[in-house]
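Residue numbering restarts at 1 for every chain, and letters A, B, ... go by the order of the sequence lines.
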Amino acid sequence: MEHLTVNPFASLAYLVAGVCFILALRGLSSPATSQRGNRMGIIGMTIAVVTTLVTHVPTLDAGALDAVTIVEILAAIGIGAAIGIVTARKIAMTDMPQLVAAFHSLVGMAAVLVAAAAFLNPQAFGIAENGVIFVQSRIEMGLGIAIGAITFSGSVIAFLKLNGNMGGKPIMLPGRHVINLGVLAAILGLIAYFTQDQSPWIFWTVTILSFAIGFLLIIPIGGADMPVVVSMLNSYSGWAAAAMGFTLHNTAMIITGALVGSSGAILSYIMCKAMNRSFISVIAGGFGGDSAAASGEAKEQRPWKRGSAEDAAFLLGQAEQVIIVPGYGMAVSQAQHTLREMGDKLKAHGVRVKYAIHPVAGRMPGHMNVLLAEANVPYDDVFELEDINSEFAQTDIAFVIGANDVTNPAAKTDKTSPIYGMPVLDVEKAKTVLFIKRSMGGVGYAGVDNDVFYMDNTMMLLGDAKKMVEEIVKSLD
Amino acid sequence: MDFISILSIFVMACFVGYYVVWSVTPALHTPLMAVTNAISSVIIVGALIASAAVALGSGGAVSKWLGLLAVVLASINIFGGFAVTARMLAMYKKKEKPAAAK
């Protein structure tokens, strides 16, 4: 096995790049060090790219550098940079989940293209002798293209669902588990056969089947499970990079792939735990579709109290402590800035204002935190579920805006509820609950009715979250 | 490098990733995803090798163009990912001063 001769300095440089990436993630342990972390990531990436260019750009016969190739590559980087930077500047913070899904799809597609390029021109990658690709490289390449293709098509579906181009309701195909398992088995079988026979048809069939399985895996998963899906695809994009790193014997790619892979896996775990659901049940999909219909029948008319913005403002102004519970609805109506204004007004009235964030509030991990940060809410005021849950009992007002399932006490008491066992915010323990909701008709994504609506100490504020908060702010003056 | 050394690096890196990611504060989980996105585009290394390769045989030219396309996609991700992470982190940063001034 003669691999392309690797410059020892290049290997060292890739190792340094890998270490920079570790430090980049390490920096995120606190907001204070996070920007330094991001810069470490940029440094690592620069080292990796420059090293590759320096060691791989071909020289012409005369010994000069191949200018055409250099220009082509720099142009490609330039186009990508322009698109990337413009998108990053323009994107609204509420659209962050879609953006992340779109970015995942690009990593997946890039992995597919690189694996295909390596298959078509193995000599350039030093993974073949006389046109025969090494067996080990065939496995790595096969896995790389499969994971890359799954990441791509899965992320595209996740993007369409998050962006609203496709309904959030799960789409169920009959016999989908059998189809999915069959396709997965076929992919693995073909990769195994690929080690014996490097015919192109095997390679391309693996690619097509992998695109198909990514699509099939994500369409039955409902909107509320998107935090898990986005984290999972994040993990896959890492494993795809790692598989290509094995093919290229590149330490930077392997370290990064392992980091990103474990990062996504841990986030998926955290999200699943926050919903008390197993990873398998999320992946099997279908949550939110049928159960909504089932609970719809059993629904009875129960009395509830409706309040106006003036009533809410009066109560809020009298309170000693208010805990705000934001959810996806706040993101949809872009209410975070107005909400912060309300918080400021209340603070001026001498009210203590805190924010309680459930791990799965929103459509991706940390979604609410970013929106509140965008609206300039001090992060000392923002608390995680386990840190604030005991405080609701000593709180005058729990102000729920755009959240529903994460406040549902049925998760603690009703064993038949689809969300039973999910850790929830104990809003019902507060003296008064103010609940902003678009209408009484809709139920949360889990399709479960929430007892909090009908409690004596709950006042429902029906309307668009942003308009309602604006009116409250006006009434506070 | 032989397979075992590469595998060792990979396994060790998985452990490093495990401990580093658990230490990330939940408030920064969205920036974490954005930045991991950006760094997983280190796959651009493979794309650059393909684009820079001297065309060999019939597959060479196609391979080169696939490589260049992959360079574009990975660059979108690298620049976009780091830029959007920086934008998000700057929002967290702003609050530090008033908090410290209290």
Side-chain angles (χ1 to χ4, degrees), chain A residues 21 25-26 28-29 31 34-35 38 41-42 48 52 56-58 73 76-77 79-81 83-85 87-88 100 103 106-107 109-111 113-114 116-117 120-121 123-124 234 237-238 241 244 248-249 252-256 258-260 262-263 266 365-366 369-370 373-374 378-380 384, chain B residues 1 6 9-10 13-14 16-18 20-21 23-24 26-30 32-33 35-37 39-43 45-54 56 59-60 62-63 66-86 88-89 91-92 95 99:
Chain A
F21 293 145
L25 297 197
R26 178 69 198 148
L28 292 177
S29 54
S34 60
Q35 286 184 314
N38 197 36
I42 297 173
T52 316
H56 282 88
V57 167
I73 291 175
I77 295 178
I79 295 169
I83 301 175
I85 290 175
T87 315
V100 167
F103 278 167
L106 295 181
V107 181
M109 198 54 185
L113 293 172
V114 171
L120 291 170
N121 193 0
Q123 240 83 14
N234 183 247
S237 68
M244 293 317 297
L248 302 180
H249 290 209
M253 281 166 85
I254 293 171
I255 294 176
T256 315
L259 287 179
V260 178
S262 17
S263 162
I266 291 172
N369 303 79
V370 171
E374 186 199 12
Y379 59 72
D380 305 326
E384 302 298 321
Chain B
M1 264 188 297
I6 295 183
I9 294 173
F10 176 70
C14 285
V16 172
Y18 180 85
V20 169
V21 172
S23 77
V24 172
L28 291 177
H29 277 163
T30 297
L32 170 69
M33 298 196 89
V35 84
T36 49
N37 222 313
I39 65 173
S40 60
S41 302
V42 70
I43 201 150
V45 167
L48 290 171
I49 295 175
S51 329
V54 184
L56 286 174
V62 181
S63 168
L66 291 180
L68 281 171
L69 184 56
V71 171
V72 175
L73 298 185
S75 303
I76 296 179
N77 230 326
I78 292 171
F79 287 90
F82 283 126
V84 87
T85 310
M88 279 191 272
L89 294 178
M91 299 183 320
Y92 286 89
K95 262 77 67 222

- Okay, side chain of Ser40(B), backbone of Gly238(A): is any donor-acceptor separation there less than 3.5 Å? no
- Message: Using modelled atom types and a 3.5 Å cut-off, is there a donor and acceptor pairing between side-chain atoms of Ser63(B) and backbone atoms of Ala117(A)?
- Response: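 At least one qualifying donor-acceptor pair exists.
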Does some side-chain heavy atom of [Y] sit less than 4.5 Å from a side-chain heavy atom of [X]?
X: Ser75(B); Y: Ile79(A); value: no
X: Val21(B); Y: Ser262(A); value: no
X: Leu32(B); Y: Leu25(A); value: yes
X: Tyr379(A); Y: Pro31(A); value: yes
X: Glu384(A); Y: Asn369(A); value: yes

Considering only heavy atoms, which portion of [X] lies under 4.5 Å from any heavy atom of chain B: side chain, backbone, both, or neither?
X: Met244(A); value: side chain
X: Ser263(A); value: both
X: Thr52(A); value: side chain
X: Leu106(A); value: both

- Phe10(B) atom CZ, neighbour heavy-atom count above 12 within 6.0 Å: yes
Against chain B, work out which of [options] has the most heavy-atom pairs shorter than 4.5 Å and name it.
options: Leu113(A), Ile85(A), Ile255(A), Thr87(A); answer: Leu113(A)
options: Asn38(A), Ile83(A), Ile254(A); answer: Asn38(A)
options: Ala81(A), Ala110(A), Ser34(A); answer: Ala81(A)
options: Leu259(A), Val100(A), Val107(A); answer: Val107(A)

Just give me the residue among [options] that pairs up with chain A most often, heavy atom to heavy atom, under 4.5 Å.
options: Val16(B), Ile43(B), Val71(B); answer: Ile43(B)
options: Val84(B), Leu69(B), Leu66(B), Ile39(B); answer: Ile39(B)
options: Gly80(B), Gly17(B), Ala47(B); answer: Gly80(B)

- Task: Under 4.5 Å heavy-atom distance to chain A, tell me which part of Ile78(B) shows up: side chain, backbone, both or neither.
- Result: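 Answer is side chain: those atoms of Ile78(B) sit under 4.5 Å from chain A.
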- Item | Which portion of Val35(B) sits near chain A, non-hydrogen atoms under 4.5 angstrom |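 The answer is the side chain of Val35(B).
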- Of the non-hydrogen atoms in Ala83(B) and Ala88(A), which two are nearest, and what is the gap between them?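 Closest approach of Ala83(B) to Ala88(A), heavy atoms only: CB-CB, 3.6 Å.
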